[in-house]
Undergrad: 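I have a structure I would like to understand better, so I am pasting it below and will then ask my questions one at a time.
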Amino acid sequence: MVLTVLKPIFAESASNLVNTISTYSGTVLFKKEHWVVDAKSLLGVLALALQPGQEVEVTSDEGEEVFEAILALGYFEKK
């Protein structure tokens, strides 16, 4: 699923995002340009330096529930 960033993802927002995704047991990956990071890794998410308007591809073997949880945070919207 491709998402567009609505708000900058830094300290508190990155922590909320990682904590939410970490409640799922499956693998969740964020892809931005040539970067691919584990969405459960705070350092990985911070390394992406996500800014409003940027796009990130999210893949998961967990199913639709994880995508709904990510969208519910209000940091992203579906493209």
Side-chain angles (χ1 to χ4, degrees):
M1 171 183 296
V2 177
L3 302 177
T4 302
V5 180
L6 298 175
K7 300 176 183 178
I9 308 297
F10 292 124
E12 186 176 349
S13 54
S15 179
N16 290 338
L17 178 62
V18 169
N19 286 339
T20 298
I21 294 170
S22 292
T23 63
Y24 296 90
S25 60
T27 301
V28 181
L29 299 175
F30 282 175
K31 298 177 185 177
K32 177 186 149 194
E33 299 166 0
H34 65 279
W35 293 84
V36 178
V37 300
D38 182 350
K40 295 179 183 180
S41 164
L42 182 58
L43 289 177
V45 172
L46 290 171
L48 294 179
L50 297 172
Q51 296 292 322
Q54 292 180 332
E55 293 180 357
V56 63
E57 182 181 346
V58 182
T59 58
S60 173
D61 59 6
E62 189 67 34
E64 290 297 314
E65 292 177 13
V66 72
F67 298 124
E68 292 171 11
I70 292 169
L71 290 171
L73 291 170
Y75 304 143
F76 302 95
E77 68 180 0
K78 268 185 170 179
K79 179 174 178 192

Undergrad: Tell me whether W35 shares a hydrophobic cluster with V18, the cluster being built from Ile, Leu, Val, Met, Phe, Trp, Tyr side chains joined at under 4.5 Å.
TA: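 Linked within one cluster.
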Undergrad: Any pair with a residue in residues 3-12 that passes side chain to side chain donor-acceptor pair (under 3.5 Å), sequence neighbours left out, goes on the list, sorted by first then second residue, please.
TA: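 Side chain to side chain donor-acceptor pair (under 3.5 Å) check on residues 3-12 returns no pairs.
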Undergrad: Which residues pass the salt bridge (Lys or Arg N to Asp or Glu O under 4.0 Å) test with E62, not counting sequence neighbours?
TA: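 E62: no salt bridge (Lys or Arg N to Asp or Glu O under 4.0 Å) contacts found.
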Undergrad: Which donor-acceptor pairs under 3.5 Å do side chains of residues 44-54 form with protein atoms, sequence neighbours excluded?
TA:
unit_1: Q54; atom_1: OE1; unit_2: K32; atom_2: NZ; d: 3.4
unit_1: Q54; atom_1: OE1; unit_2: Q51; atom_2: N; d: 2.8

Undergrad: State, to 0.1 Å, how close V28 and S60 come at their nearest heavy-atom pair, and which atoms those are.
TA: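 Closest approach of V28 to S60, heavy atoms only: CG2-OG, 3.7 Å.
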Undergrad: With no hydrogens and no angle check, is any side-chain donor or acceptor of D61 less than 3.5 Å from a backbone partner on G26?
TA: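 Between the backbone of G26 and the side chain of D61 there is no qualifying donor-acceptor contact (under 3.5 Å).
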Undergrad: Determine whether V5 and F67 fall in the same hydrophobic cluster, where Ile, Leu, Val, Met, Phe, Trp and Tyr are linked whenever their side-chain heavy atoms lie under 4.5 Å apart.
TA: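 Result: yes, single cluster for both.
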Undergrad: Is there a path from V2 to I21 through hydrophobic residues (I, L, V, M, F, W, Y) whose side chains come within less than 4.5 Å of each other?
TA: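 Not linked; separate clusters.
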Undergrad: Can you list the residues that meet the side chain to side chain donor-acceptor pair (under 3.5 Å) rule with E55, with sequence neighbours excluded?
TA: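 With sequence neighbours excluded, E55 shows a side chain to side chain donor-acceptor pair (under 3.5 Å) to K79, given in chain and number order.
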Undergrad: Considering only residues two or more places apart or on different chains, which pairs with a residue in residues 38-48 satisfy salt bridge (charged side-chain N to carboxylate O under 4.0 Å, His left out)?
TA: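 Of all non-adjacent pairs touching residues 38-48, none passes salt bridge (charged side-chain N to carboxylate O under 4.0 Å, His left out).
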Undergrad: Going by heavy atoms in the side chains, are T20 and I70 under 4.5 Å from each other?
TA: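 Side-chain contact under 4.5 Å: no.
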Undergrad: When rounded to the nearest 0.5 angstrom, what distance separates CG in L73 from CG in L6?
TA: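 So the gap between those two atoms works out to 11.5 Å.
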Undergrad: Treat each ILVMFWY residue as a node, draw an edge where side-chain heavy atoms are under 4.5 Å apart, and state whether L3 and L29 are in one component.
TA: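 No; tracing contacts between hydrophobic side chains, which count when under 4.5 Å, never links both residues.
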Undergrad: Before you tell me yes or no, could you show the steps for I9 and F30 under side chain to side chain contact (heavy atoms under 4.5 Å, CB included), namely the whole-Å CA-CA distance, both residues' side-chain angles and the distance that decides it to 0.1 Å?
TA: CA-CA 13 Å; I9 308 297; F30 282 175; over 6 Å; no
Undergrad: Check side chain to side chain donor-acceptor pair (under 3.5 Å) between N16 and all other residues, then give those that pass, not counting sequence neighbours.
TA: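 Per chain and number, N16 pairs via side chain to side chain donor-acceptor pair (under 3.5 Å) with Y75.
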Undergrad: What's the shortest heavy-atom distance between S15 and L42, and which atoms?
TA: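 Distance-wise, the nearest heavy atoms are N-CD1, 3.8 Å.
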